[in-house]
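Note sheet for the following structure.
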Amino acid sequence: MSFWKIYSTRRLLSRLSSYSDSSFDTIQIPLQQHANRHSMTFIANEFHKPRIASLVILCRNFNYYRSRYNYRNKPNHHFVFKPFNATADTFHSALFQCLNKNVHNSKFKRVNLEANNTRSANNNTAVTHESQPATMARHGKGKLKQNKSEPDEDKQNKDKNISVTSQKPKLKGINKFQQLLKVPTKINVVVIGTGGPGNSKSILITTEYSRYLFNCGEGTQRHSGMNKELRSTAFAKLAGLETIFFTYKSWENTGGLMGMTMTLEGQKNPAEKNYKLRGQNPSVKLDTNPHITIYGPPDVEKITSMAKKFAHSTNLNIVKGDGVYEDFCLTITPVPFYADLLTSEEDKNDLRSPRPAKRVKTDSTYTSKSRDVAYAYIIKAKPLSPKINVEKCLDAGITIGPMVGKLQRGESVVLEDGRVVRPEQVTDNMMCDDRPFLILECPRKEFIDSLSACSELEGYLRENTDQAFSLVVHMSPLNVYNSEEYQSWMNRLHKSTDHLVMNKDSPEAAVTRVLAHQARLNLVDTEIFPLLPVSDTPASLETLRVSRALLDTQSESNTSSAASKEVEAKENIYLKKKGEVMLASSGLVYVCRGKELGFHMDIAEFSIEKEQKYCLDNPDISAKLTVLKKSSLLKSQDLDNDQDNLTSYPKVVFLGTGSSEPNRIRAQSCILVQLSKSTIIILDCGEDSYGQLFRFYGKAKVKRILRKTKAIFVSHMHADHHLGLFSLVKERKLAFDEKEIPFVPVLLISPIQMKRWLKFYHTEQEPIISLFRFVKIQQGFQDCDTFSVLTATMDDVKKELDFTEFTPIAVDHIINAYGVAFRHANGYKLVYSGDTRPCKALIEAGANCDLLIHEATHEDNLLPQALSSKHSTFSEAIDVGKQMMAKHIILTHFSQRYPHMVPLFDLTLPENVGLAFDNMQVCPRTLGRLPKAIPALEEIFSDELQKLVIKNLKRLREKTEAENDEILESRS
């Protein structure tokens with residue numbers, strides 16, 4: 001048990017102590033699988049009471065606890081162990097039900113321990129989540145009285161050990177952080193994605209108890225964890241996130257939703273992440289309640305239903321919410337405004353302003369709806385109760401008691417001497433701006449007329465200071481924001497209103513953790529691990545301020561009058577605000593309720609010199625680096641006589657080396673292969689691939705790289721291998737337009753099932769088919785889909801990329817998963833495995849290759865997980881390379897449990913095997929240096945590896961104990 005679980009047990013004991021005049025026959029306590037000796041001893045001592053005859057411990061591994069913790073010899077008391085095949089949620093619900101708590105969260109439901117565990121022991125079935133309250137039998141008096149309102153059929157079901165649902169409906173917006181139902185004292189608006197180059201725009205509203213995300217573009221999950229300081233000072237973390245709001249149905253706003261959902265689903269259902277249990281253990285009950293509720297324009301939720309067809313887990317619980325969202329923290333009101341859809345072919349092909357092409361299928365044709373819709377959101381915080389001032393209460397003659405509660409609720413009280421005490425006499429008002437704030441995106445200029453005429457916003461414009469917006473977040477594109485019509489609408493807002501602007505003028509997102517990781521890698525080899533271009537993150541608020549322009553011309557007369565002295569006093573507080581206009585930046589926080597209102601910068605400190613000096617000051621690291629540099633120098637001298645084209649190309653850049661959901665350090669799969677000075681092919685493109693490309697090459701070079709990209713290969717239809725496709729092809733089109741070069745659609749080589757995803761995007765988001773030429777891998781497969789796209793053949797691929805060989809290989813993963821082997825005209829042969837188990841067909845096709853890039857998701861100790869998920873272990877991937885007789889092997893696609901460095905444990909790597917890291921580049925000239933860098937890398941990341949070693953030892957110990965238990969059980 002962890003500390004908080006023991007705390008729950010203490011609360012249980014305190015509840016039982018209230019029955020001091022009663023004794024019990026049996027007390028049943030659920031116990032999780034990983035309870036330790038201290039937890040068991042604690043329970044044994046505390047329940048060793050004369051008034052408790054027997055204690056039943058309900059545990060998953062009951063044989064283990066029965067043999068290890070045998071307390072049957074205790075005087076006047078004994079333990080009985082029973083099997084308890086339930087998830088952690090059932091454990092929590094049992095404790096809270098024993099506490100007789102009315103918890104609103106659907107996670108905590110009533111559990112009939114007596115009925116369910118009898119059924120579990122007899123039938124080896126799982127304990128369900130929905131059942132009657134736990135029963136404590138009183139000694140000599142029978143069971144506790146049941147609710148008199150319980151129907152007779154419920155009693156009959158109870159006698160038959162049938163679970164009967166008895167739960168209160170879940171309150172809207174309540175999650176595990178919100179059990180106390182307190183109005184928050186701190187409300188922050190945190191910038192996650194700035195909307196600047198290489199990242200999307202997203203806002204996180206945080207309180208002590210809850211979080212609300214507005215827009216979730218590609219990379220949102222990664223950017224949210226880059227600033228450690230914000231996680232503590234502004235509660236800027238995604239744990240417990242349950243609600244996401246979208247301002248407009250575009251890929252820029254929704255591209256990160258699937259990765260975010262899979263991560264949150266894994267947090268809610270950790271058992272689902274254990275591949276060994278996936279689909280094999282019916283006793284593991286997953287939390288099937290909605291994890292995320294999304295709000296936004298019509299059909300914005302359709303992307304989730306499409307995602308289930310290629311996600312790792314189908315337990316993506318997302319539901320669409322409608323109307324006003326309200327919980328005990330905030331009230332969020334959607335305000336729709338409209339524009340006519342673009343009709344001209346010229347506008348349809350313009351990708352500078354994203355536009356969803358909503359269509360309705362009629363007689364095998366697609367016709368556009370007449371109007372497009374965007375949402376603005378008015379966010380209003382629940383009023384905060386005044387803070388009681390004890391000294392003022394004493395001066396007024398108020399003593400602690402019911403009067404204090406009335407005064408805090410805003411009621412006046414009458415003292416015994418007849419004096420009336422008003423709340424304002426004994427309370428202090430906290431620093432807060434309780435005015436609402438607005439988040440909006442005006443996607444195109446055509447929306448401005450509807451926005452200006454919106455009746456829902458009229459009451460917040462200029463006239464009344466108390467009802468004006470405290471903050472307006474502008475997510476509108478740069479051309480819309482700078483337009484005269486939009487600035488005119490902004491001029492109608494009150495002069496005390498602050499503005500937060502998110503568009504392409506905003507700075508790049510700061511990825512400090514990635515930069516720090518790369519700085520350490522750079523110590524090993526400056527060519528293989530180049531330093532990333534450091535984004536120009538503003539050092540202060542002054543550099544983010546924007547000229548108010550038209551806003552400064554606002555007259556004073558509109559805000560100088562007030563209806564009463566109280567309103568005037570309140571206005572004076574608001575008028576102290578200058579009405580600043582700020583560009584969004586990483587680390588920027590707007591405090592709506594807290595100690596200091598307004599904009600604040602919380603910059604994550606980072607210095608390449610300091611990061612590297614910290615490593616160099618370690619003598620062990622310095623010694624390893626010295627040995628590495630000497631060996632690398634000798635290796636480079638041996639290669640001086642090689643031909644230039646064989647040592648410089650292909651250049652392989654690993655932009656993403658992780659698997660499954662995104663991670664702060666390892667992005668999803670993406671490998672860029674530069675075949676020559678003018679030709680590039682990209683192998684897989686997971687979420688935020690364009691962001692990774694932008695951060696590696698920098699703003700000046702990334703456009704040139706996109707124009708050189710002639711083909712994209714997608715190995716299979718898992719989300720972590722293709723979610724970055726649309727951003728790549730759209731940015732590539734803009735790169736051609738910028739130089740006014742004739743556009744050539746990119747070759748998209750993928751399984752034919754990709755057409756279904758392309759069709760969905762084209763019909764539900766925006767036109768996309770003109771940006772690529774589709775090359776289906778299954779050449780003999782008859783395509784029955786009438787959706788028409790530009791096509792090309794494998795001969796076109798060979799011709800345009802100057803290949804002499806290009807062979808897709810069906811591999812052992814999911815249906816229609818492929819690896820690829822190709823040989824360039826310069827004679828260099830490269831093999832990419834995609835996701836697969838060791839595959840004979842891949843070995844045969846890649847025989848005698850120069851470079852094998854093979855997935856190695858799991859460490860050798862996790863072979864059962866590798867078998868279940870159809871991935872490879874480290875040793876299996878190396879063995880494939882040996883059988884293939886590959887000259888060089890690079891392992892990639894690591895589990896996200898290894899963010900910094902892969903734990904090799906006792907595995908000895910051959911001299912031709914290297915490990916992939918994000919933002920790593922190699923070529924034939926540097927491949928030989930990569931394996932020699934492993935000892936130095938292990939020393940640099942020794943702290944991170946030590947944590948993995950501890951986890952591995954714990955896993956091995958549990959495995960040994962389980963095997964011993966099976967032996968003891970078989971002997972008995």
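Note that the structure is predicted; figures quoted are calculated from it, not measured. Sequence positions, counted from 1, serve as the residue numbers for this chain.
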For this session: Mind telling me whether Trp251 and Phe726 have parallel, tilted or perpendicular rings, with 30° and 60° as the class edges?
Result: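 The arrangement is perpendicular - the two ring planes meet at more than 60°.
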Problem set entry | Parallel, tilted or perpendicular: ring planes of Phe245 versus Tyr212, cut at 30 and 60 degrees |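 Tilted, since the angle between the ring planes falls between 30° and 60°.
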Looking at [X] and [Y], what are the two nearest heavy atoms and their distance?
X	Y	result
Pro197	Phe694	CB-CZ, 3.3 Å
Ala856	Thr873	CB-O, 4.2 Å
Leu706	Ala735	CB-CB, 4.3 Å
Ile680	Leu672	CG2-CG, 3.6 Å
Leu238	Ser224	CD1-OG, 3.1 Å
Phe874	Tyr898	CZ-CE1, 4.0 Å

For this session: Determine whether the side chains of Glu527 and Thr926 contain a donor N or O and an acceptor N or O closer than 3.5 Å.
Result: no
salt_bridge([X], [Y]) N-O dist < 4.0 Å:
X	Y	result
Asp918	Arg664	no
Lys951	Glu859	no
Asp835	Lys870	no
Glu661	Arg222	no

Does the side chain of [X] reach to within under 4.5 Å of the side chain of [Y], using non-hydrogen atoms?
X	Y	result
Pro910	Ile878	yes
Phe529	Leu523	no
Phe917	Leu915	yes
Thr220	Leu213	yes
Val880	Ile889	no
Leu725	Ile712	yes
Val189	Ile203	yes
Lys201	Thr194	no

Problem set entry | Candidate pair Asp720 and Ser669, rule side-chain hydrogen bond (donor to acceptor under 3.5 Å, both in side chains), full reasoning | CA-CA 6 Å; Asp720 59 325; Ser669 296; 4.9 Å; no
Within this structure, what is the [atom1]-[atom2] distance for the pair [X] and [Y], rounded to the nearest 0.5 Å?
X	Y	atom1	atom2	value
Arg732	Leu728	CZ	CG	10.0 Å
Leu655	Ile682	CG	CD1	7.5 Å
Leu937	Ser942	CG	OG	11.5 Å
Glu911	Leu930	CD	CG	13.5 Å
Ser895	Leu862	OG	CG	8.0 Å

For this session: Apply side-chain hydrogen bond (donor to acceptor under 3.5 Å, both in side chains) to the pair Ser200 and Glu252, showing each step before the final yes or no.
Result: CA-CA 6 Å; Ser200 58; Glu252 285 75 11; over 6 Å; no
For this session: Mind running side chain to side chain contact (heavy atoms under 4.5 Å, CB included) on Asn188 and Thr207 for me, showing each step along the way?
Result: CA-CA 7 Å; Asn188 307 296; Thr207 73; over 6 Å; no
Answer yes or no: is there a donor N or O on one side and an acceptor on the other, between the side chain of [X] and the main chain of [Y], under 3.5 Å?
X	Y	answer
Asn199	Gly195	yes
Glu855	Ser872	yes
Ser586	Ala510	yes
Asn919	Leu532	no
Glu611	Ile608	no
Gln518	Pro530	yes
Thr836	Ser833	no
Gln668	Glu687	yes
Gln612	Arg520	no
Gln896	Ser659	yes

For this session: Step through the shown structure and confirm whether more than 12 heavy atoms of other residues, nucleotides or ligands are within 6.0 Å of NZ on Lys699.
Result: no
Problem set entry | More than 12 heavy atoms from other groups under 6.0 Å of NZ on Lys504 |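 Yes - once you tally the heavy atoms of other residues, nucleotides and ligands closer than 6.0 Å, there are more than 12.
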For this session: For this output row, return yes or no: ring centroids of His716 and His722 closer than 6.0 angstrom.
Result: no
Exercise. For the residue pair His858 and His893, is the inter-centroid distance of their aromatic rings smaller than 6.0 Å?
Worked result: no
Exercise. Hey, mind stepping through Val702 and Tyr690 against side chain to side chain contact (heavy atoms under 4.5 Å, CB included) and telling me if it holds?
Worked result: CA-CA 9 Å; Val702 66; Tyr690 172 71; 4.1 Å; yes
For this session: Using the side chain to side chain contact (heavy atoms under 4.5 Å, CB included) rule, take Phe214 and Phe246 through it: C-alpha gap first, then chi angles, then the decisive distance, then the call.
Result: CA-CA 6 Å; Phe214 288 79; Phe246 293 102; over 6 Å; no
Exercise. So Lys613 and Asp617, salt bridge (charged side-chain N to carboxylate O under 4.0 Å, His left out) or not? Walk me through it.
Worked result: CA-CA 6 Å; Lys613 185 178 182 300; Asp617 288 343; 3.1 Å; yes
Exercise. Could you walk me through whether Asn861 and Phe905 pass the side chain to side chain contact (heavy atoms under 4.5 Å, CB included) check?
Worked result: CA-CA 10 Å; Asn861 293 329; Phe905 300 125; 4.2 Å; yes
For this session: For His900, enumerate each residue passing the ring pair (Phe, Tyr, Trp, His ring centres under 6.0 Å) test, keeping only those at least two apart in sequence or located in another chain.
Result: His517
Exercise. Checking salt bridge (charged side-chain N to carboxylate O under 4.0 Å, His left out) for the pair Lys932/Asp525: CA distance, chi angles, key distance, verdict?
Worked result: CA-CA 11 Å; Lys932 298 180 182 298; Asp525 193 300; over 6 Å; no
For this session: Assess whether side-chain hydrogen bond (donor to acceptor under 3.5 Å, both in side chains) is satisfied between Thr206 and Arg211, documenting all intermediate values.
Result: CA-CA 5 Å; Thr206 67; Arg211 290 150 193 85; over 6 Å; no
Exercise. Can a cation-pi geometry be assigned to Lys237 and Phe235, taking NZ or CZ under 6.0 Å from the six-membered ring centre and within 45° of the ring axis?
Worked result: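 Here Lys237 fails the 6.0 Å and 45° test against Phe235.
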Problem set entry | Check against salt bridge (charged side-chain N to carboxylate O under 4.0 Å, His left out), Lys624 and Glu938 | CA-CA 10 Å; Lys624 295 285 186 181; Glu938 288 180 326; over 6 Å; no
